[in-house]
Trainee: 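Quick one: the structure is below, and I'll ask about it shortly.
Heavy-atom basis, side chains included; hydrogens, waters and symmetry copies ignored. Worth saying up front: this structure is predicted, and the values here are computed from it rather than measured.
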Amino acid sequence: MKRSIFHNEPIIAIDVGTTKICVLVAQAISADELEIIGIGKTPSEGLRKGIVVDINKTVYSIKKAVQDAELMAGCKIDSAIIGISGSHIQSINSQGVVPIKRSEVTQQDINNVIISAQAIPISEGKQILHVLPQYFMVDGQERVQDPIGMHGVRLEVQVHIITGSISCVQNLIKCCQIAGVQATDIVLEQLASALAVLSSDEQQLGVSILDIGGGTSDLALYYNKSIFYTSVIPVAGNHFTNDLALGLCTTLEDAERVKKEHGFVYEISEEFDKNILVESIEGTSSKKILLTNLTRILRPRAQELFVLVNEKLNSYEFKSFMPSGLVLTGGGSLLEGMQELAQETFKIPVRIGNPGIKYSLLQLLNSPIYATGYGLLLHALKKHETLLKNKFTHTFSKRVVSRMKSWVSDFF
C-alpha cells in the first residue's frame with residue numbers, strides 16, 4: 001500500500017443515523033482514494049428523525065459500533081468526523097460584497113467576503129453548520145468558481161448557508177464524547193452522500209440527490225459544481241416499516257424484515273399473488289399474507305415521499321437545473337421499485353447511487369446504505385488536501401513575491 005498523505009493515520013467517519021450507527025475506518029492511499037480497513041455497524045437506539053432523544057441509548061450504540069470497527073481495523077478510535085441530519089436543519093442563500101484590498105484577489109479577500117455573506121439574522125437556538133460558496137464575481141463580471149489572482153476592486157459571493165439546532169448539535173457531540181470519540185468536524189449528511197455517489201459531470205450540469213434514511217430523507221441540488229439547494233423531508237424508511245406493522249398487524253421487527261426481503265412499491269402483478277409468513281403482533285404465532293398486500297401498503301408512502309420532493313422542486317422551478325436527473329441513495333432507495341416509481345413521478349432520469357468503493361475488504365460496502373459514511377471520509381480527505389494546498393500556496397507565494405518584488409513594483 002502507498003504511503004498515506006495522513007502519515008499512516010487512519011481516517012474515521014461515524015454516520016449517526018436513526019436506524020443504524022455506522023463507523024468506517026480508512027487509510028488514504030492517494031489524494032483522492034481511500035482504502036476501507038474497518039467497519040462497525042449496529043442498530044441505532046436513542047434517535048428519532050435524526051435527533052438524539054435518549055443519550056444513554058445513543059452512547060451505547062456508538063460505543064458498540066466503534067468497538068467493532070476498532071477490532072476489524074486494529075487501531076484505537078478516539079476522534080472522527082460525524083454526519084448530522086434531522087428536521088432541525090434549515091438552509092438559505094446569502095450574498096456578500098467586499099472591496100479587494102490590493103487590486104488582486106487573495107485568499108484573505110475570499111475569507112472576508114464569505115464572512116460578510118454570513119451577516120444575516122439567525123433564528124434563536126440555531127448555529128451555522130456550513131457556509132458553501134456557490135459562485136464569485138469580480139466587479140460584477142462573469143460568475144467564477146475560483147477568483148484568486150483576478151484583478152478588480154470589488155469581490156462578490158453568493159453562498160449557501162446551512163444551520164442546525166444548537167442543542168441538537170451539542171447533544172450529538174456529547175454522545176460521541178461520552179462514547180470516547182472526539183468530533184473533529186460535523187457535516188450535513190446529504191453533502192457527504194453527494195461526494196460519494198455524484199459524478200463531476202452530474203454536479204457540473206445539474207443534479208439532485210435524495211438520501212432516504214431511516215428518520216428523514218435529505219435532498220440536495222447541485223449545479224455548476226456548487227450546492228444550490230438543500231432540504232429535509234420528514235418521510236423516510238421508518239414510516240414504511242410502521243405502515244407495514246399497522247397494516248399487517250405484526251411486530252416492528254418483523255415488519256422491517258418483510259420490508260427488506262419482500263417489499264415492492266412500483267406495481268402489483270400476478271407474480272406477487274403468493275403468500276409469505278408474517279409474525280402476529282403478539283409474536284407467538286405466524287400468519288400468511290399476500291405479497292400484493294405489501295405493495296398496497298408501501299406504494300402510497302413512497303408516492304407521498306416523492307410528491308413532497310416534487311412539490312419542492314416545482315415550487316422553485318428547480319427541474320430546469322437538473323438535466324442529469326435525480327439520484328436516489330440511502331437504505332430507503334433499496335426498496336424494490338423506488339427507481340421506477342420516482343421516474344414515473346418526476347418525469348426525469350433517475351438512478352440508484354452506490355458509493356463505488358474501489359478499495360475495501362468487503363464488497364458489500366458498495367451499497368447506498370454506506371454512501372453517507374464513505375462520503376464523510378471523502379470530505380475529511382478533501383478538507384485535508386485543501387488545507388495542504390492553501391498552506392503550500394501561501395508559502396510559495398510569499399517566496400515568489402520576495403524574489404520578484406523589485407521588477408513588479410513598476411506595475412503598482
Side-chain angles (χ1 to χ4, degrees), residues 4 6-29 34-86 129 164 168-189 191-193 195-196 211 213-215 330-331 355 357 359-381 383-384:
S4 168
F6 279 80
H7 305 292
N8 293 322
E9 294 182 4
I11 314 169
I12 299 102
I14 303 181
D15 174 12
V16 185
T18 302
T19 58
K20 75 176 188 311
I21 306 291
C22 180
V23 179
L24 293 182
V25 184
Q27 200 88 52
I29 59 176
L34 294 162
E35 179 181 12
I36 306 297
I37 60 174
I39 176 175
K41 186 166 75 78
T42 62
S44 179
E45 301 286 345
L47 286 97
R48 186 176 300 126
K49 294 185 177 180
I51 297 173
V52 175
V53 295
D54 189 314
I55 287 180
N56 290 332
K57 288 183 178 179
T58 303
V59 169
Y60 175 82
S61 298
I62 294 174
K63 275 186 176 180
K64 180 65 171 64
V66 167
Q67 289 169 357
D68 290 347
E70 287 178 333
L71 184 64
M72 183 174 180
C75 67
K76 177 67 177 175
I77 295 175
D78 52 22
S79 63
I81 183 172
I82 313 296
I84 191 170
S85 185
L129 298 177
C168 291
V169 174
Q170 289 178 339
N171 285 336
L172 181 59
I173 293 173
K174 181 179 180 180
C175 288
C176 292
Q177 288 176 337
I178 297 174
V181 180
Q182 185 71 32
T184 58
D185 202 356
I186 300 291
V187 178
L188 189 65
E189 292 196 344
L191 301 183
S193 298
L195 275 178
D211 187 343
I357 301 172
Y359 304 98
S360 172
L361 299 173
L362 301 172
Q363 289 304 311
L364 61 86
L365 290 176
N366 292 316
S367 164
I369 294 174
Y370 300 102
T372 297
Y374 188 63
L376 290 171
L377 294 173
L378 292 175
H379 177 91
L381 184 63
K383 185 174 181 179
H384 183 79

Trainee: Is there a side-chain contact between Lys41 and Asp68 (heavy atoms, below 4.5 Å)?
Mentor: no
Trainee: Drop me the distance from Cys175's SG to Lys57's NZ, to the nearest 0.5 angstrom.
Mentor: 13.0 Å
Trainee: Has the side chain of Thr18 got a donor or acceptor atom that lies under 3.5 Å from a matching backbone atom of Arg48?
Mentor: no
Trainee: Taking all heavy atoms of Glu70 and all of Ile77, pick out the closest pair and write down the distance.
Mentor: OE2-N, 2.8 Å
Trainee: As an exercise, state the distance from CD1 of Ile37 to CD1 of Ile11, rounded to the nearest 0.5 Å.
Mentor: 9.5 Å
Trainee: CG of Asp15 to OG of Ser193: how many Å apart, nearest 0.5 Å?
Mentor: 7.5 Å
Trainee: Quick one: pull up CD1 in Ile29 and CG in Leu381 and give me the separation to the nearest 0.5 Å.
Mentor: 10.0 Å
Trainee: Mind checking what makes side-chain contact (heavy atoms from CB on, under 4.5 Å) contact with Asn56, not counting sequence neighbours?
Mentor: Asp54
Trainee: Which atoms form the tightest heavy-atom contact between Gly40 and Ala69, and what is the distance?
Mentor: N-CB, 3.7 Å
Trainee: Kindly give the heavy-atom pair with the smallest separation between Thr372 and Ala192, and that separation in Å.
Mentor: O-CB, 3.7 Å
Trainee: Can you check side chain to side chain contact (heavy atoms under 4.5 Å, CB included) on Tyr374 and Ile36, steps first, answer last?
Mentor: CA-CA 9 Å; Tyr374 188 63; Ile36 306 297; 4.0 Å; yes
Trainee: May I have the step-by-step check of side chain to side chain contact (heavy atoms under 4.5 Å, CB included) for Asp185 and His379, ending in yes or no?
Mentor: CA-CA 10 Å; Asp185 202 356; His379 177 91; 3.4 Å; yes
Trainee: Would Ile369 and Lys20 count as a side chain to side chain contact (heavy atoms under 4.5 Å, CB included) if you check the C-alpha gap in whole Å, the side-chain angles of each, and the deciding distance to 0.1 Å?
Mentor: CA-CA 10 Å; Ile369 294 174; Lys20 75 176 188 311; 3.3 Å; yes
Trainee: Which atoms form the tightest heavy-atom contact between Gly83 and Leu376, and what is the distance?
Mentor: N-CD1, 3.6 Å
Trainee: Identify the two heavy atoms, one from Pro10 and one from Val25, that lie closest to each other, and give their separation to 0.1 Å.
Mentor: CB-CG1, 3.8 Å
Trainee: Does Thr42 use its side chain to pair, donor to acceptor, with the backbone of Ser61 at less than 3.5 Å?
Mentor: yes
Trainee: Measuring from atom CD1 of Ile84 to atom CG of Leu191, what distance do you get when rounded to the nearest 0.5 angstrom?
Mentor: 11.5 Å
Trainee: Show, in sequence, the C-alpha distance, side-chain angles and deciding distance for Ile12 and Val181, and conclude whether the side chain to side chain contact (heavy atoms under 4.5 Å, CB included) test is met.
Mentor: CA-CA 10 Å; Ile12 299 102; Val181 180; over 6 Å; no
Trainee: What residue among Thr58, Val59, Val66, Ile82 forms side chain to side chain contact (heavy atoms under 4.5 Å, CB included) with Cys176?
Mentor: Ile82
Trainee: Mind checking the CD-CD1 spacing from Gln170 to Ile186? Nearest 0.5 Å is all I need.
Mentor: 11.0 Å
Trainee: Donor-acceptor check, side chain of Ser44 to backbone of Gly17, threshold 3.5 angstrom: yes or no?
Mentor: yes
Trainee: Looking at every non-hydrogen atom in both residues, tell me the closest pair between Leu195 and Leu378 and how far apart they are.
Mentor: O-CD1, 3.6 Å
